[in-house]
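Below you'll find the structure, written out as C-alpha cells, and then a few comments.
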Amino acid sequence: MPELPEVETVRRGLQKVFEGSALLRVNARRPDLRFPFPERFVERLEGRRVTALDRRAKYLLGRLDSGETLVMHLGMSGSFRIEEQAAPIPSPSQGEGRVGVLAASETPGDFVYPRSKDATHDHVLFEFESGARVAYNDPRRFGFMTIVETAELDAHPLFKDIGVEPLGEAFTPAHLAGLLSDVKAPLKSALLDQRRIAGLGNIYVAEALHRARLSPLKPAGEASRVKVKALHGAIRQVLEEAIEAGGSTLRDHRQADGALGYFQHTFAVYDREGAGCGHKGCRGMIARVVQTGRSTFYCPECQR
DNA sequence: ACAACCTCCTGGGGGC
DNA sequence: TGCCCCCAGGAGGTTG
C-alpha cells in the first residue's frame with residue numbers, strides 16, 4: 001500500500017490518538033508479522049506514554065517515554081484503524097474508576113466494540129489510557145513492528161543506510177544531481193532505492209518521472225542538469241499534492257479515521273496503460289513495461 | 001560494490 | 001459459479 005504520502009497521511013491521522021497518551025494495553029494477536037515481534041514487545045509498550053509520532057522514510061516512529069521507539073512499517077497492505085473513541089477511563093477522583101484496570105466484562109486483549117469485517121487480519125491492537133483504540137490490520141503481513149533504543153535509531157540496520165527525506169531541506173537539486181551522477185542503473189531503480197531518497201515507491205516514481213519528462217529507462221547518470229532540476233521539483237510537488245489529497249487509495253489505503261485518499265484520481269501514468277499522455281501537445285500513449293519485476297508506466301513519446 | 005533475482009503472504013480481478 | 005493464473009503500493013536476503 002503505502003509510500004511516503006500514505007504513511008504521512010496515516011501519521012497525521014494517528015497523531016492525535018498516539019501523542020501524549022499512554023498505552024494501557026497492547027495485544028499482539030500473533031507472534032510475528034514479516035518478522036517476529038521483539039523480546040517482551042507488549043511489556044515494553046504497556047504503561048508507556050507516546051511522546052510523539054514521527055515518520056522517517058516509510059516508517060512510523062512512536063517515541064516512548066521509556067527512551068525507546070516503536071518502529072512500525074506498513075509493508076504492502078498494512079493499515080491502521082482508529083476503532084472507536086471510547087469513554088475515557090475514569091480517574092480515581094471520579095469515583096468507581098480504577099485507572100489501568102479493565103472492566104470485568106471485557107475480554108483481555110480484545111476490543112469490545114464492533115470490528116471491521118476483516119478483523120482476522122487485525123494483528124496488533126492498541127488501547128490507550130484516553131480510551132482510544134487502534135487496530136493494525138495487514139492481510140499480507142509484509143509489515144513489521146519492532147522496538148529500538150531511541151538513541152541508537154540512526155545507527156540501527158533499518159535506518160543507517162536510509163537516504164534523504166525528499167520533503168526536507170537537505171533535498172536540493174544539487175543533492176539530487178549528486179545522487180544520480182555516474183549511476184548506470186535506470187532512473188526508475190535509482191529513485192526506488194531507499195538508500196538514495198527515502199519514501200518513494202512505484203507510484204510516485206512513475207508520476208514524478210512523467211512530470212519531469214524523463215524516461216524511467218534512462219540511465220540515471222545521463223539525465224541533464226535541467227532535467228534533474230525538473231525532477232527535483234516534480235518529486236516534491238507530487239509528494240506534496242498526494243499528501244494534500246490524503247494519499248492514494250488503490251485497494252486498502254485509508255486514512256486512520258477511515259477516510260479514503262483520492263490522489264489516485266490524479267495519476268497521469270500509474271496504472272494507465274493505453275491512456276493518452278496528457279502533456280500539452282503530446283500525442284503519446286501510456287505504455288507499461290516491466291523493470292526488475294515491477295510495472296513501469298510512462299509515455300515513450302515525451303519522456304526521454 | 002553492485003545489480004538481478006527471489007521471497008515473504010493474502011486477496012482481487014480477469015479469462016475461460 | 002468456480003478455478004487458475006496474474007498482479008499488487010515493499011524491501012530484506014541471496015546469488016552471481
Handout entry: Euclidean distance, A/R11 CZ relative to A/L4 CG, rounded to 0.5 Å
Key = 10.5 Å
Problem - Euclidean distance, atom CZ of residue A/R140 to atom P of C/dC6 [Å, nearest integer] - result: 16 Å
Exercise for the section: Assess the pair A/F159 and A/Y59: is the distance between their ring centroids shorter than 6.0 Å? Expected result: yes
Exercise for the section: Scan A/S295 against the nucleic acid and name what it touches under 4.0 Å (heavy atoms): base, sugar-phosphate only, or nothing. Expected result: sugar-phosphate
Exercise for the section: Specify the separation, in whole Å, of atom CG of A/L74 and atom C1' of B/dC9. Expected result: 16 Å
Practice task
Using atom CG of A/L250 as one end and atom C1' of C/dG10 as the other, report the distance to the nearest whole Å.
Solution key: 14 Å
Practice task
Consider the side chain of A/F35, meaning its heavy atoms from C-beta on, and name the nucleotide among C/dA8, C/dG10, C/dG12 that approaches it most closely.
Solution key: C/dG12
Completion exercise
Against the side chain of A/N202, the closest entry in C/dC7, B/dG11, C/dG10 is C/dG10
Practice task
Look at A/K58 and C/dA11 and indicate whether a side-chain polar atom (N or O) is within less than 4.0 Å of OP1 or OP2.
Solution key: yes
Exercise for the section: Take the protein atom CG of A/L60 and the nucleotide atom P of C/dG10, then report the distance between them rounded to whole Å. Expected result: 15 Å
Exercise for the section: Output yes when at least one side-chain N/O atom of A/H121 is less than 4.0 Å from OP1 or OP2 of B/dG11, else no. Expected result: yes
Handout entry: Test: A/D122 and A/R81 ion pair at under 4.0 Å
Key = yes
Practice task
Report which part of the nucleic acid A/Y270 touches: base, sugar-phosphate, or nothing (heavy-atom distance under 4.0 Å, all strands).
Solution key: sugar-phosphate
Practice task
Return the value, rounded to whole Å, for the distance between atom CG of A/D32 and atom C1' of B/dC9.
Solution key: 11 Å
Fill in the blank from the handout: When A/Y204, A/F297, A/F263 are each screened for side chain to side chain contact (heavy atoms under 4.5 Å, CB included) with A/Y270, the one that passes is A/F297
Exercise for the section: Please tell me which of the listed nucleotides, C/dG10, B/dA3, C/dA11, lies nearest to the side chain of A/Q194? Expected result: C/dA11
Problem - Under the 3.5 Å Watson-Crick or G-U criterion, the dot-bracket string of DNA chain B, with | for inter-strand pairs - result: .|||||||.|||||||
Practice task
Please check if the distance between the ring centroids of A/F144 and A/H73 is under 6.0 Å.
Solution key: yes
Practice task
Report yes if at least one side-chain N or O of A/R294 is closer than 4.0 Å to OP1 or OP2 of C/dC7; otherwise report no.
Solution key: no
Exercise for the section: Considering just the side-chain nitrogens and oxygens of A/R141, establish if one lies under 4.0 Å of OP1 or OP2 belonging to B/dT10. Expected result: yes
Handout entry: Reference residue A/E165; test salt bridge (Lys or Arg N to Asp or Glu O under 4.0 Å); the match among A/R236, A/K58, A/R196, A/R55
Key = A/R55
Handout entry: Separation of the P atoms in B/dC9 and C/dC3, to the nearest angstrom
Key = 23 Å
Exercise for the section: Let me know the distance between CG of A/D193 and C1' of B/dC2, rounded to the nearest Å. Expected result: 10 Å
Exercise for the section: Check the geometry between A/F142 and C/dA11 and answer yes if their rings are stacked (centres below 5.5 Å, planes below 30°), otherwise no. Expected result: no
Exercise for the section: Give A/F144 one of three labels, base, sugar-phosphate or nothing, depending on what nucleic acid heavy atoms sit under 4.0 Å from its own. Expected result: nothing
Fill in the blank from the handout: Testing C/dG10, B/dG11, C/dG12 for proximity to the side chain of A/P139, the answer is B/dG11
Practice task
Please assess A/H279 against A/H210 for the test side-chain contact (heavy atoms from CB on, under 4.5 Å), listing each intermediate value before the final yes or no.
Solution key: CA-CA 9 Å; A/H279 268 145; A/H210 180 256; 3.5 Å; yes
Completion exercise
A/K188 atom NZ is separated from C/dA11 atom C1', nearest whole Å, by 14 Å
Problem - Separation of B/dC6 C1' from A/R34 CZ (nearest whole Å) - result: 11 Å
Problem - Ring center gap for A/F128 and A/F18 short of 6.0 angstrom - result: yes
